[in-house]
Protein chains: 2
Amino acid sequence: MPVKQLKNITILPGDGIGPEVIAQAEKSIQAIAYRYNHDFSLDYAFIGAHAIEETGSPFPEETLRKCRKADAILLGAIGDPKYDEKFESDLRPEQGLLALRKQLQLYANIRPIKVYDNLTHLSPLKEKRIKNVNFVIYRELTGGIYYGKKGRYENGKIAYDHCVYSESEIKRIAILAFEAAMDRRKKLCLVDKANVLETSRLWRSVVKEVAKKYPDVETSFLYIDNAAMQMMNSPAQFDIILTTNLFGDILSDEASIIPGSLGLLPSASIGRNSCLFEPVHGSFPQAAGKDIANPMGAILSVAMMFRHFEMEQEALEVERAVDLCMKEGIMTKDLEVEVHYSCSQLGDLIYSIIAEDL
Amino acid sequence: MPVKQLKNITILPGDGIGPEVIAQAEKSIQAIAYRYNHDFSLDYAFIGAHAIEETGSPFPEETLRKCRKADAILLGAIGDPKYDEKFESDLRPEQGLLALRKQLQLYANIRPIKVYDNLTHLSPLKEKRIKNVNFVIYRELTGGIYYGKKGRYENGKIAYDHCVYSESEIKRIAILAFEAAMDRRKKLCLVDKANVLETSRLWRSVVKEVAKKYPDVETSFLYIDNAAMQMMNSPAQFDIILTTNLFGDILSDEASIIPGSLGLLPSASIGRNSCLFEPVHGSFPQAAGKDIANPMGAILSVAMMFRHFEMEQEALEVERAVDLCMKEGIMTKDLEVEVHYSCSQLGDLIYSIIAEDL
Ligand SMILES: [Mg+2]
Ligand SMILES: [Mg+2]
C-alpha cells in the first residue's frame, strides 16, 4: 500500500468542454484518494474566457496565486470563438494560457502519443504504419520565436519576430527529455533546422553535450521539414522527440491526429516549481454543455500528474481503468462507436473501476 | 500547331542522381522540340558539390551568369553527404542553392502534389483520405527567418535568428498564388501563425487586401500547427496553399510523402526575371550512378517549364506521356513494381511517346 499523500491541486476548469471533462478527472482523483487513503485538497480558479467574463482578465492575480502554491495544476481548456481574430487585444482567452506558462516558467510541454489497437480504423494513417506507435514529444514552451521581440517598422509595412534561445533554456529541457528516455526505449531525437538556423545550431551543440551524460541513450537528429514528413511516414520510429517551441507546436499537433482521436490525449507542462496537466483537445465549444465530450484526455492527464508526484502505482491504476474502458469499447460518441456513453457516465465508470478495483 | 519557339535553357545537373534524371528530362525537351519544331538551346553549368570540386565554389560566377541570361533553368539536385554537418562553412553544396535563389530572387517556390490512382497503396495515408488529392503549395522562398540576421552573443551562449517580412515580399507571391487559384478550383488557404507572430499578422492583412481583387477565390486561413494536422487528416481539402518560407518548407515536405513517392514530384521557383525547375527528390546519393533513379519528377518539371513559357499544349503532352507510363505500370524500382524499368529506359520511352505521338 502506498504511503498516504497530501497534495494541493489547483483546478482551472476554463472554457467550453473544459468544466465537463475536469469534473470527470476529479472523479478519478477522488477514486484514487478513496482507494489509497490519500488526501487531495482541490482548489478552484478562473482562467480564459470564463475569467474574462468573471474578472475582466484572462489570467487574474488570484489564479496566479493559487497556481503558485499548488503541488499541481489541472486545467480543462481555454478558448472561445467570440474572441477569435482579436489579435491585438490582451483580452484573448489564450493570453491566459501564455501568461500561465510564462509566470510559472512552465518550460517543458510533454505530449505522449499512443495508438490504441481498437482505434486504428480512426487514424488517417494505414494500420501497418501505426503499429507500436508510442512516443513522447518534449516541446520547449517559454522561449523561441513565440516569446521573442516582435513589432513593425516603416509605417507598419515591415514586420519582425525574433527567435532567441540560450544554453540554459535548452539544457534544462534536454535533461528532462534524456531522463524520460532512460525510463523508456532509450532513444531521443532532436528536431531542429541546424542547416539554416543559428538557434538550432545552439540546440544541437547543447544536446550533444547533455547526451554525453546519457551514453545509453541513442541520440539522433532530424530537420523539422524531414521530421514533419517522417511523422506521417513512419511514426513508430520515435521514442522521445525533443524540440523547440515552434517546431514542437507544429509536430505535436501533427502527431495528435495519429491515434485517431484528440479526445484521448493528455499533456503535462513542467516548470522548476510548478506543473500543469491538461487534455490536448481544447475547448471545443460546439460540444460544450452537451455531456458528449471525451473525458479520457483529462483523466489520463491525472495519471501523468500522479506519475509526476512519483505515485507510480496510482498512475498505473488510472491508466488501467482507461485501458479497460477502451478494450471493452466503452467510449464517448467521438470515437464512432454504435453504443456510446456520455462524458459523465464514463467519469462515473472510471471512478467505480478504480474505487472498487473492478 | 503551336508557333515555333526559341528558348535558352541553362541546365544544372548538380549532384547525386541529378545528372541521371536531368539526362531523361533533356530527352523530353528534345522530343517536344522534334515534335513541334521548336528550337531549344541548352547550356550547362556547375552547381553544388560538383561545382565545389570543379571550381572551389558551390555557385561559381559563370553559373550565375549563365542562369541570368537563360529563359529557364533546369536543376537536377544538390547535396553530398561528405559535406554534412559542415554548418559553419560556406563550402556546403546547399549554399549553392541558397545563393541561386537569393541572386535570382526566386521568391516563390511552387510544389504541386497529386495522387496517382494506381499508387495509393504506397501512400502512408488511407486510400479514402487521399482520393482527389490535387493541390499546389506556394512557398515564399527568399525572405523570413532563413534569410534574417542570425548570430550569437554572451560568448556564444545565446543564439538568435530574426524573421522579417515586408508588405511587398508578401504581395508579389500572393498575386502569383491567387492567379494560380483562378486557373484551378478557386480556393486559396493562407497558412500562418497570426495568433502569435507579428510577421504572420502582416501576411494575413496583405493577403486579405490582395484577395479583394479576386472575389471569385474562396480565401481561408489556417495556423501552421493546425495545417500540419489537416495535411495528414484531410489533404483533399486543399487547392492552393500560400505560406512563408519556413512554414512552406515544413508543409511541402510533409505533403510530399502523400503521393507515395518523392520521385514523381516536380517543382518550380519563380522570380521577377528568372525561373528554375527541379524535381523535389534531392541528390539521393545512395542511388547515384546505378540508373535506378525515378526521372518522372525531373520530366514533370519540364512540363511546368513549358507551362511557364505559356506552351500549354507542350506541357500537357509531357504530362500525357508520364500519365501513360504510370497507367501502364511502366515505372522505376522505387515504386515497388515487380517488373521495373531503368531511369534511362523510362527517359527513352517518354521520348518515343512524345516524338512519335504514341
Ligand atoms: Mg498548437
Ligand atoms: Mg525542406
Side-chain angles (χ1 to χ4, degrees), chain A residues 85 87-88 92 94 98 121 123-127 129 145-146 148 150-152 154 156-168 193-205 223-234 246-247 249-258, chain B residues 85 87-88 92 94 98 121 123-127 129 145-146 148 150-152 154 156-168 193-205 223-234 246-247 249-258:
Chain A
E85 303 261 331
F87 298 137
E88 307 305 322
R92 287 183 301 118
E94 289 75 16
L98 293 177
H121 62 288
S123 176
L125 295 179
K126 288 185 178 139
E127 325 242 329
R129 303 255 183 176
I145 197 167
Y146 287 2
K150 59 198 67 208
R152 298 275 182 114
E154 292 209 2
K157 286 188 190 330
I158 296 180
Y160 63 88
D161 294 282
H162 290 178
C163 180
V164 181
Y165 268 116
S166 70
E167 233 177 59
S168 55
K193 188 71 184 175
N195 53 344
V196 187
L197 301 180
E198 192 63 29
T199 45
S200 285
R201 284 168 208 151
L202 183 61
W203 270 83
R204 211 169 260 222
S205 67
Y223 298 141
I224 175 63
D225 46 339
N226 190 7
M229 183 210 279
Q230 297 292 332
M231 185 60 73
M232 192 189 292
N233 196 46
S234 52
L246 170 62
F247 296 160
D249 189 13
I250 296 169
L251 269 191
S252 57
D253 279 11
E254 184 188 350
S256 69
I257 201 83
I258 296 174
Chain B
E85 302 261 332
F87 298 140
E88 307 305 323
R92 288 184 300 117
E94 289 76 15
L98 295 176
H121 62 289
S123 176
L125 295 178
K126 288 184 178 141
E127 325 241 330
R129 304 258 181 173
I145 197 167
Y146 288 0
K150 58 199 66 207
R152 299 274 181 113
E154 293 210 358
K157 285 185 189 334
I158 297 179
Y160 64 88
D161 294 282
H162 290 177
C163 179
V164 181
Y165 267 115
S166 70
E167 234 177 60
S168 55
K193 188 71 185 176
N195 53 344
V196 186
L197 300 180
E198 192 64 30
T199 44
S200 286
R201 284 167 208 149
L202 183 60
W203 270 84
R204 210 170 261 220
S205 67
Y223 298 142
I224 176 63
D225 46 339
N226 191 7
M229 183 208 279
Q230 299 290 335
M231 186 58 74
M232 192 188 296
N233 196 46
S234 51
L246 170 62
F247 297 161
D249 189 12
I250 297 169
L251 269 191
S252 56
D253 278 10
E254 184 188 350
S256 69
I257 201 83
I258 296 174

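Residue numbers start from 1 in every chain, and the chains themselves are labelled A, B, ... in the order their sequence lines are given, proteins ahead of strands.
Of all non-hydrogen atoms in B:Asp249 and A:Lys193, the two that sit nearest each other are OD2-NZ, 2.8 Å. Between A:Tyr160 and B:Glu198, the shortest heavy-atom contact is O-CB, 3.8 Å. Shortest non-hydrogen contact noted between B:Glu254 and A:Glu254 is OE2-OE2, 3.2 Å.
In this structure, A:Lys150 NZ and B:Thr199 OG1 are separated by 8.0 Å, a value rounded to the nearest 0.5 Å. Note that the CE atom of A:Met229 and the CG atom of B:Leu251 stand 12.5 Å from one another [nearest 0.5 Å]. Distance check, rounded to the nearest 0.5 Å: CE of B:Met231 to CE of A:Met231 gives 15.5 Å. How far OH of A:Tyr223 is from CD1 of B:Ile250: 14.0 Å, rounded to the nearest 0.5 Å. How far OG of B:Ser234 is from CD1 of A:Ile257: 8.0 Å, rounded to the nearest 0.5 Å. Annotation: the span from A:Asn233 atom CG to B:Ile258 atom CD1 amounts to 11.0 Å, rounded to 0.5 Å.
Both the backbone and the side chain of B:Ser123 come within contact range of chain A, each with at least one heavy atom under 4.5 Å from a heavy atom of that chain. Contact of B:Ser256 with chain A is made through the side chain alone, with heavy-atom distances under 4.5 Å.
The most heavy-atom pairs under 4.5 Å with chain B, out of A:Cys163, A:Ser166, A:Ala228, come from A:Cys163. Ranked by heavy-atom pairs shorter than 4.5 Å toward chain A, the options B:His162, B:Gln230, B:Glu127 are led by B:His162. In terms of heavy-atom pairs under 4.5 Å with chain B, the best-connected choice from A:Ile158, A:Leu197, A:Leu98, A:Ile145 is A:Leu197.
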A:Leu246 vs B:Leu246, side chain to side chain contact (heavy atoms under 4.5 Å, CB included): CA-CA, chis, key distance, verdict: CA-CA 11 Å; A:Leu246 170 62; B:Leu246 170 62; 3.6 Å; yes
Tell me, with the steps shown, if A:Glu94 and B:Val196 meet side chain to side chain contact (heavy atoms under 4.5 Å, CB included). CA-CA 10 Å; A:Glu94 289 75 16; B:Val196 186; over 6 Å; no
Criterion side chain to side chain contact (heavy atoms under 4.5 Å, CB included) on B:Glu167 and A:Glu154, from CA distance to verdict: CA-CA 10 Å; B:Glu167 234 177 60; A:Glu154 292 209 2; over 6 Å; no
